[in-house]
Protein chains: 2
Amino acid sequence: MDRKKETVTIYDVAREAGVSMATVSRVVNGNPNVKPLTRKKVLETIRRMGYRPNAVARGLASKKTTTVGVVIPDISYAFFAELTRGIEDIANMYHYNIILCNSDLKKNKELQLIEALFEKQVDGLLFLGGEVTEEHREIFSGSDIPVVLAATQDEKVKNRPFVTIDHVQAAKEATGILIREGHQRIGFVGGPLTDPIIGYPRYLGYKEALSESGLPFEEKWIQLGNYRYDTGLKATKELLMMEEGPTAIFAVNDEIAVGAIHAAQDLGKRVPEEISVIGFDNIPLATQVRPLLSTVAVPMYDIGAVAMRLLTKYMNGEPIENNQVVLEYRLELRDSTQLKETPDSV
Amino acid sequence: MDRKKETVTIYDVAREAGVSMATVSRVVNGNPNVKPLTRKKVLETIRRMGYRPNAVARGLASKKTTTVGVVIPDISYAFFAELTRGIEDIANMYHYNIILCNSDLKKNKELQLIEALFEKQVDGLLFLGGEVTEEHREIFSGSDIPVVLAATQDEKVKNRPFVTIDHVQAAKEATGILIREGHQRIGFVGGPLTDPIIGYPRYLGYKEALSESGLPFEEKWIQLGNYRYDTGLKATKELLMMEEGPTAIFAVNDEIAVGAIHAAQDLGKRVPEEISVIGFDNIPLATQVRPLLSTVAVPMYDIGAVAMRLLTKYMNGEPIENNQVVLEYRLELRDSTQLKETPDSV
DNA sequence: CTGTTAGCGCTTTCAC
DNA sequence: GTGAAAGCGCTAACAG
C-alpha cells in the first residue's frame with residue numbers, strides 16, 4: 001500500500017469516486033443531503049484509499065477544532081486527577097479532545113499556557129485553580145473563546161461562569177464537627193493561605209466556625225506548608241507536642257489529614273479517642289487509612305464533568321439557564337472523629 | 001478595542017507595518033534573516049494590534065502541530081497521573097502540548113482514540129498500557145507519525161520504540177524478598193492476568209520466583225480483581241482466613257498492597273511480624289500507611305519523561321542511539337517486610 | 001441532490 | 001533582507 005507516503009486528500013477521493021469535493025465532505029460529515037448510492041460509492045472509495053480527514057484543515061476552514069484547553073495546577077494530585085477524569089469523560093462524550101496543561105499554580109505559566117491554548121484555537125477553556133488576576137481577565141475577555149472556571153470562581157467578575165463548591169461553608173461545617181465533639185483547642189493544618197482557591201477559603205471557614213462558637217483562635221495552632229502528606233505529618237507533630245496543644249485537627253485536605261493521623265499515632269495518641277482529625281476532599285486515600293478518615297466529600301468528578309458540560313453549551317451556542325453552579329458537598333463522618341451522625345446541615 | 005470582533009491576521013500586520021507577510025512570518029518564527037530595525041517595527045505593530053498567530057493555519061501550512069497525543073488507561077490512577085506529569089513536563093520543555101485521552105484499557109476505545117489523534121495531525125503519539133494488537137500495529141504503521149510505547153512494549157514488533165522497566169524481573173525480586181524472609185506460603189493479589197502490561201508480567205515474575213526456589217505454587221493463593229485498594233482488602237482477607245493460608249503477600253501494585261496490610265490488621269495480624277506484604281510502583285500512598293510499605297520503586301515520572309524525550313527526537317529527526325529503553329527499578333524495603341537490606345540485585 | 005468557487009491564515013520556495 | 005505567490009486540505013455559501 002502507498003498510504004504511507006502520499007497522504008490522500010478529499011480531492012483524491014472526489015476524483016476517484018467521480019464526485020465533487022463537496023460531496024465527499026458531505027458524506028464525511030454525515031450531511032443527509034446525499035443520495036444513498038452516492039454515499040455508498042464515496043464511503044467505498046474512502047475505505048479503499050485509506051482516506052483520513054485532516055482535522056487541522058477542517059479546523060482552519062470551519063473555525064472549530066473540537067479541542068478544549070484544560071489548565072490545571074498539577075495532575076499528580078488525586079484531587080485534580082479525578083476532576084480531570086470527569087472533564088475528559090464528558091469531553092469525549094461530546095467528541096471533544098482536551099489539551100492538558102499543568103500550571104503548578106504559577107501565574108506566569110498559567111498566562112503563557114492560556115495564550116498558547118488560544119493560539120491553538122481551542123474551542124473553549126477550562127481553568128482550574130490559581131487566582132484569577134487582572135491579567136487573566138484581560139486575556140480571557142480579549143477573545144471570544146468561552147472560559148469556565150472549575151473548583152474556583154472569580155469574585156471580581158460577576159458573570160464569569162464557574163462550577164465549584166462552597167469551600168468556606170464546608171470548612172466551617174467540618175470544623176463544626178470537631179467543635180460539637182467538645183474540642184476546645186482545634187488546630188489547623190493547611191497549605192499556603194495565599195492560595196485563594198483552597199488555602200484561604202478553607203482557612204476562613206475554620207476561623208468563622210471558631211468565632212461563631214466563641215472558641216479561641218490561636219495563631220500558634222495554625223500550621224502551614226504545602227498540600228502534601230508530609231506537611232500533615234510534621235505540622236501535626238509540632239502541634240501535638242506543644243503545651244496546651246490542640247486536641248483536634250482540621251486539615252485542609254485529605255493527604256494532610258492522613259499525615260495528621262499518623263503523626264498522632266506516631267506520638268502514641270489514639271485517633272479518635274485522644275485526637276480527632278477531619279480532612280477535606282474525600283480522595284480514595286481517605287478510605288485507605290486506619291482509622292478511616294472523616295472528611296468533606298467533594299464531588300471532584302462532578303465538578304469536572306459539570307464544568308465541561310457547561311463549556312459544551314457555550315461552544316454549541318446552547319441556551320444556558322445557570323452558568324454559575326455551586327455543587328453540594330457532604331460530610332462523610334468515618335472513624336477519625338467521634339461524632340458519627342451528621343448534624344442537620346446549615 | 002476591537003480585538004474581540006475582528007481577528008487580526010498576519011496579513012493585517014504586514015499591511016500595517018508596511019512589510020510583506022513573509023517578513024512578519026519570519027519575525028514571528030524567530031528567523032534571523034530580518035533586519036533588526038524591521039523586526040522592531042513588526043514586533044511593535046504586532047503588539048499594538050494584538051496579533052495572535054493562528055496555530056491551526058500554521059499547522060496546515062507547515063504540517064506540524066507541536067501537539068502530541070497521549071493515550072493512557074486512566075488518569076485517576078496515581079501511577080498514570082505521575083507518569084503523565086513526566087510526559088507533560090518534557091513536552092512543555094520542548095514546546096509541545098499534549099492531548100490526553102483515557103482508554104480504560106478498552107481496545108476499541110484505544111483504536112478510536114488513536115484514529116482521532118491521527119486525524120488531528122499530532123506530531124507524535126505516546127501509547128501507554130493496553131495490549132498492542134495487530135490492529136494497533138496496522139494503524140501505527142499506516143502513518144508516518146512516530147509512536148512510542150511507555151510502561152510497556154510490543155513483544156512482536158522488534159523495533160517499536162518503548163520505555164519501560166523489566167516487570168517480570170522486578171516482580172521476581174520482590175517475591176524473592178518474601179522468600180528470603182523464610183515465607184513458604186506466598187499469596188498473590190493482582191488485577192486481571194489478561195493485562196499484558198502489568199497483570200501478567202508481574203504474575204510471571206512471582207511464579208518464576210517461586211519455582212526457582214522450589215516453593216509450592218497454589219492456585220488458591222492467587223487472588224484477582226482490579227487494581228484498587230478494595231481488591232487488596234477483600235482478596236487478602238480471603239487468603240488469610242484460609243486454612244494453610246499465605247503468610248506473605250505479593251501485591252501487584254501499592255494500592256492493593258495497602259489494602260492487604262489493612263486486611264491483615266483488621267484480622268488482628270501484625271505486619272510484618274505475622275504477615276509480610278510487598279507492593280509495586282512506590283506511589284505516594286506507600287509512605288502514607290503504617291507500617292510503611294515495602295515496594296518496588298518504579299520511576300514513573302521518568303518513564304513518562306524519557307518516553308516523551310524519545311518522541312521529541314523522532315519528531316525532530318534527531319539521531320537516536322537507543323529507542324528501546326529499560327529503566328532501572330529499585331527495591332524499597334520499608335516496614336511491611338522484615339528484611340531491611342536489599343540483597344545483591346541479580 | 002450535487003458541483004463550483006472562494007477562502008480559512010499561515011509557511012515556503014523562489015526571485016530579486 | 002525582503003517580497004510575491006502558490007499552496008496546505010478542508011468547509012461553506014451559492015448556484016443549479
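This is a predicted model, so every value here is computed, not measured. Each chain gets a letter, A, B and so on, in the order its sequence line appears, and its residues count up from 1.
- A salt bridge between B:D104 and A:R85 is present, with a side-chain N of the basic residue lying under 4.0 Å from a carboxylate O of the acidic one.
- Across C:dT12, D:dG7, D:dG9, the shortest atom-to-atom separation from the side chain of B:A22 is found for C:dT12.
- With rounding to whole Å, A:D12 atom CG is found 10 Å from D:dC8 atom P.
- A:V56 comes within 4.0 angstrom of nothing in the nucleic acid, heavy atoms only.
- With D:dC10, D:dC8, D:dG1 as the candidates, the nucleotide lying closest to the side chain of B:K35 is D:dG1.
- Using a 4.0 Å heavy-atom criterion, one finds that A:V19 contacts the sugar-phosphate atoms exclusively.
- Using a 4.0 Å cut-off between a side-chain N of Lys or Arg and a carboxylate O of Asp or Glu, A:K41 and A:E16 do not qualify as a salt bridge.
- A salt bridge links B:E134 with B:R137: the closest approach of a Lys/Arg side-chain nitrogen to an acidic carboxylate oxygen falls below 4.0 angstrom.
- In this structure, B:K40 places its NZ atom 17 Å from P of D:dG1, rounding to the nearest Å.
- One interatomic measurement links the two molecules: CG of A:N54 to C1' of D:dT11, which rounds to 12 Å at whole-angstrom precision.
- Distance alone, capped at 3.5 Å, is enough to place a donor-acceptor pair between the A:N54 side chain and the A:V56 backbone.
- As rounded to whole Å, 18 Å separates atom P of D:dG9 from atom CZ of B:R58.
- The NZ atom of B:K120 sits 15 Å away from the C1' atom of D:dC10 (whole-angstrom rounding).
- Residue B:S62 has no polar side-chain atom (N or O) positioned under 4.0 Å from OP1 or OP2 of C:dT11.
- Within the structure, a side-chain polar atom (N or O) of B:N29 is placed less than 4.0 Å from OP1 or OP2 of C:dT11.
- Here A:E115 pairs with B:R52 in a salt bridge; the nearest charged N to carboxylate O distance falls below 4.0 Å.
- Considering only the side chain of B:S25, C:dT12 comes nearest among C:dT12, D:dC10, D:dT2.
- As a whole-Å value, the separation of A:M21 CE from C:dA6 P is 13 Å.
- Remark: A:T38 is not in phosphate contact with C:dC1, judged by side-chain N or O atoms under 4.0 Å from OP1 or OP2.
- Per the geometry, CZ belonging to A:R26 stands 11 Å off P belonging to D:dA12, to the nearest Å.
- In this structure, the nucleotide among D:dA4, C:dT2, D:dG9 sitting nearest to the side chain of B:K63 is D:dG9.
- Summarising the geometry, the separation between CZ on A:R52 and P on D:dC10 is reported as 12 Å, rounded to the nearest angstrom.
- Comparing B:L60 and B:P32, the nucleotide of DNA chain D nearest to each residue sits closer to the 5' end for B:P32.
- In this structure, A:Y11 does not reach the C:dT4 phosphate: none of its side-chain N or O atoms is under 4.0 Å from OP1 or OP2.
- Using a cut-off of 4.0 Å between Lys/Arg side-chain N and Asp/Glu carboxylate O, A:R309 and A:E318 are scored as salt-bridged.
- A:N33 comes within 4.0 angstrom of a base, heavy atoms only.
- Residue B:T23 places no side-chain N or O under 4.0 Å from the OP1 or OP2 atom of D:dG1.
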